[in-house]
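Here the structure is a predicted model, which is why all the values come from computation and not from measurement.
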Amino acid sequence: MQQYRTHTCGELRKTHVGQSVTISGWVHRVRDHGGVIFVDVRDHYGVTQVVVNPGSACYQDSTKWRCESVVKFTGRVVERIAETVNSKLATGDIEVVGDTLEILSEAEVTPFSVALDSDCDENLRLKYRFLDLRREQMHANIVLRSKVASSVRRRMVDLGFLEYNTPILTCSSPEGARDFLVPSRLHAGKFYALPQAPQIFKQLLMVSGFDRYFQIAPCFRDEDARADRSPGEFYQIDIEMSFVTQEEVFAVVEKLIDGIFSEFSTQALTATPYPRITYRDSMLQYGTDKPDLRVPLIIQDASDIFRETGFNAFKQVLAKKGVVRALAVRNCAEQPRSFFDGLIAFSQEKGGKGLAYITWTAEGVKSPIAKFLTPAELDALQKLGNMQPGDVMFFAADTEKVANKVAGEVRVRLGELLGLKEKEGYKFCWIVDFPMYEWSDEEQRWDFSHNPFSMPQGGMDALLNTKPDQICAYQYDLVCNGIELSSGAIRNHRPEIMYKAFELCGYTQADVEKKFGGLLNAFRFGAPPHGGIAPGLDRILMLLTNAPNIREVIAFPLNQNGQDLLLGAPGEVTEKQLRELRIKLNLPAAPAAGAATGAAATAAPAPGKPTPGTPIS
RNA sequence: GGGGGCGUAGCGCAAUUGGUUAGAGCACUGCCCUGUCACGGCAGAGGUUGCGGGUUCGAACCCCGUCGCUCCCGCCA
């Protein structure tokens, strides 16, 4: 016999009328009418109304109830009369007439309301995450996360993949993000690192002959947080496949992603196969490598039109090898002056110098810059954007990098302001043909623009005979609604091509050996061509729940400063623990205890003389 | 490390833009109420306006510093 419940709080229906039941849960709300009292009892499954009548055994305890206390009621299920049915509640056709009550756990007054799903300070929510997670939206997010993870596993297995575990304690990786380090006790002075991703291990699994790998893998990176970037740790649906081309990876991911989004969303989806957009086209047409295709506007290059221009602002930009990007927008001429001023301010916020624009009207063109332009230039612009009366063309002129960014940001902004952006739906695309290298002004050498493990398109021949900036990699991103969902590559499994690829960035064979010796050694004993990808689970959930930030889909996230406010991580450790690890702390001197704040200036160390023990920051 | 925004009761907010004793709602405490479902009504308690300094006859409001939060840049192969 069940001690705590015969039914859950989401279970009872008309069919149960007449039964004696026991339910347990949290006190969600209480409506005390002086005589009859209504108590909403909530658990994971739902809410059920319990009616407490004067004279019943449970009535006398009623003054002790408080929201979020855990209670157990026994009672009888009765049908509600038509006037009192609550259609907002799944159990609203019935109610439980309370007989006995047991308070299983008394709650203190909560710092915020669980029943009322209203905003409150996020750090307060994180400190009391167990309360926050009781709330409807958060509870649903975490349930969805579990269902999506299960579905991913089922779908991957159906696609012929097996899930493998890879180490959490591994070694520091020479490239990429900052590592989290774990000191070794057995090897004093040496450190493990938490994996930024199981990259090398999944490649080793391919070399080990396992063919199709996946893992819902935790990844650890010690980098600053963003709204869509969890500090510290996040999860990837890590995938690797042997004997495949890029298109075969795409086919698997499209099946997975289309399946997941179809299963968990009713919104419109991009039909598979998703559009492939080259990196070069994306940078030109959308100003970014993660385009939001919900906005129908396309950026065009207008540099050639202004080669001989007398308009100084553009002339100077082009003379310095900059570019002029144009954005043609229909039916925008009627917008008030403040609309255009706002856009100019917006573009300046994003790093632009300004934002020129030309309006086409029935009487001709109207623009602050029209007087600097020749009829031939205006004519060419009209043709470029097929400009009709009522249309406006915006210009971003700057270095290619800045012009792309500004035009890209203005493109999305215009889409939102003019209501052109689709309100619903998921727009997927592949960004392909990423450049293998980019010139680093800082270091005065070529650098990998993405993953050094990627296979250059054209292989060794390309490395030997093509200018580095012309070489593309088999490197690809999956993008949805302007969010980078996933990044992957066909890997470079040939040691000699690996050496050559690194050589272009100034690394010797010995350097490569030192950095990636483990992987390279494996490649010497028969490595299959292989490639993979790693969709971000947290970001998929953000899209499915329309969450404003990534912490909304993680049960116990660190806050933006990388702290766990519930348990207090990171925390101090004992002297004994440090001694065992042979670690001596070297912290900046704490301010003298009890020092009057007013005397701080005199107590501070003389400028230019760092306090001994201050770490170099 | 840098920039923007924010900081008022336990919570989410207001305070006519520098003017008397900083307000109402939810929550809390007490009382009333027998069909509510965000129940309702009466009363009460609850504040160093993040902290420190300054300007002023007068500061929640203006200035400087500082701390915290948040979004962004850097960073994230």
Item to complete: Indicate, with a heavy-atom threshold strictly under 4.0 Å, whether A/L89 touches base, sugar-phosphate, or nothing.
Response: nothing
Discussion item. Between B/C76 and A/R221, counting only base atoms on the nucleotide and side-chain atoms on the residue, is there a donor-acceptor pair under 3.5 Å?
Written reply: no
Worksheet item: Looking at B/U70, does its base get a donor-acceptor pair with the side chain of A/E122 below 3.5 Å?
Response: no
Worksheet item: Under 4.0 Å between a Lys/Arg side-chain N and an Asp/Glu carboxylate O for A/R80 and A/D93?
Response: no
Worksheet item: When we call it a touch if two heavy atoms are under 4.0 Å apart, what does A/R551 touch: a base, just sugar-phosphate, or nothing?
Response: sugar-phosphate
Give me, pair by pair, the N or O atoms of the protein and of nucleotides 29-34 of chain B that are less than 3.5 Å apart, along with how far apart they are.
{"unit_1": "B/U29", "atom_1": "OP1", "unit_2": "A/R66", "atom_2": "NH2", "d": "2.7"}
{"unit_1": "B/C33", "atom_1": "N3", "unit_2": "A/D32", "atom_2": "O", "d": "3.3"}
{"unit_1": "B/C33", "atom_1": "N3", "unit_2": "A/G34", "atom_2": "N", "d": "3.3"}
{"unit_1": "B/C33", "atom_1": "N4", "unit_2": "A/G34", "atom_2": "N", "d": "3.4"}
{"unit_1": "B/U34", "atom_1": "O4'", "unit_2": "A/V36", "atom_2": "N", "d": "3.3"}

Worksheet item: Quick one: is B/U70 close enough that its OP1 or OP2 comes under 4.0 Å of any side-chain N or O from A/N123?
Response: yes
Item to complete: Would you mind classifying the nucleic acid contact of A/P452 as base, sugar-phosphate or nothing, using non-hydrogen atoms under 4.0 angstrom?
Response: base
Practice prompt. For RNA chain B, just give me the dot-bracket, please: Watson-Crick or G-U, both distances below 3.5 Å, ( ) intra-strand, [ ] crossing earlier pairs, | paired with another strand, . unpaired.
Written response: (((((((..((.(.....[...).)).(((((.......))))).....(((((..]....))))))))))))....
Worksheet item: Touch check for A/D121, heavy atoms < 4.0 angstrom, all strands: base, sugar-phosphate only, or nothing?
Response: sugar-phosphate
Discussion item. For B/C73 and A/R226 - does any side-chain N or O of the residue sit under 4.0 Å from the phosphate oxygens OP1/OP2?
Written reply: yes
Worksheet item: So, is A/Q560 close to the B/C71 phosphate, meaning a side-chain N or O under 4.0 Å from OP1 or OP2?
Response: yes
Item to complete: Validate the cation-pi geometry between A/R413 and A/F346: distance from NZ or CZ to the six-membered ring centre under 6.0 Å, angle to the ring axis within 45°.
Response: yes
Worksheet item: Taking syn as any angle within 90 degrees of 0 and anti as the rest, which one fits B/U20?
Response: anti
Discussion item. Is there aromatic stacking of A/F38 on B/U36 here, judged by a ring-centre distance under 5.5 Å and a plane angle under 30°?
Written reply: yes
Discussion item. Below the 4.0 Å mark, does B/C73 have OP1 or OP2 next to a side-chain nitrogen or oxygen of A/K350?
Written reply: no
Worksheet item: Looking at the side chain of A/R31, which of B/G12, B/C39, B/G74 is the nearest nucleotide?
Response: B/C39
Worksheet item: Going by modelled atom types, is there a donor-acceptor pair between the base of B/G10 and the side chain of A/E108 at under 3.5 Å?
Response: no
Worksheet item: Heavy atoms under 4.0 Å, any strand shown: does A/Q199 hit a base, just sugar-phosphate, or nothing?
Response: base
Discussion item. Counting the atoms with a prime plus P, OP1 and OP2 as sugar-phosphate, which does A/E95 contact under 4.0 Å by heavy atoms, base, sugar-phosphate, or nothing?
Written reply: base
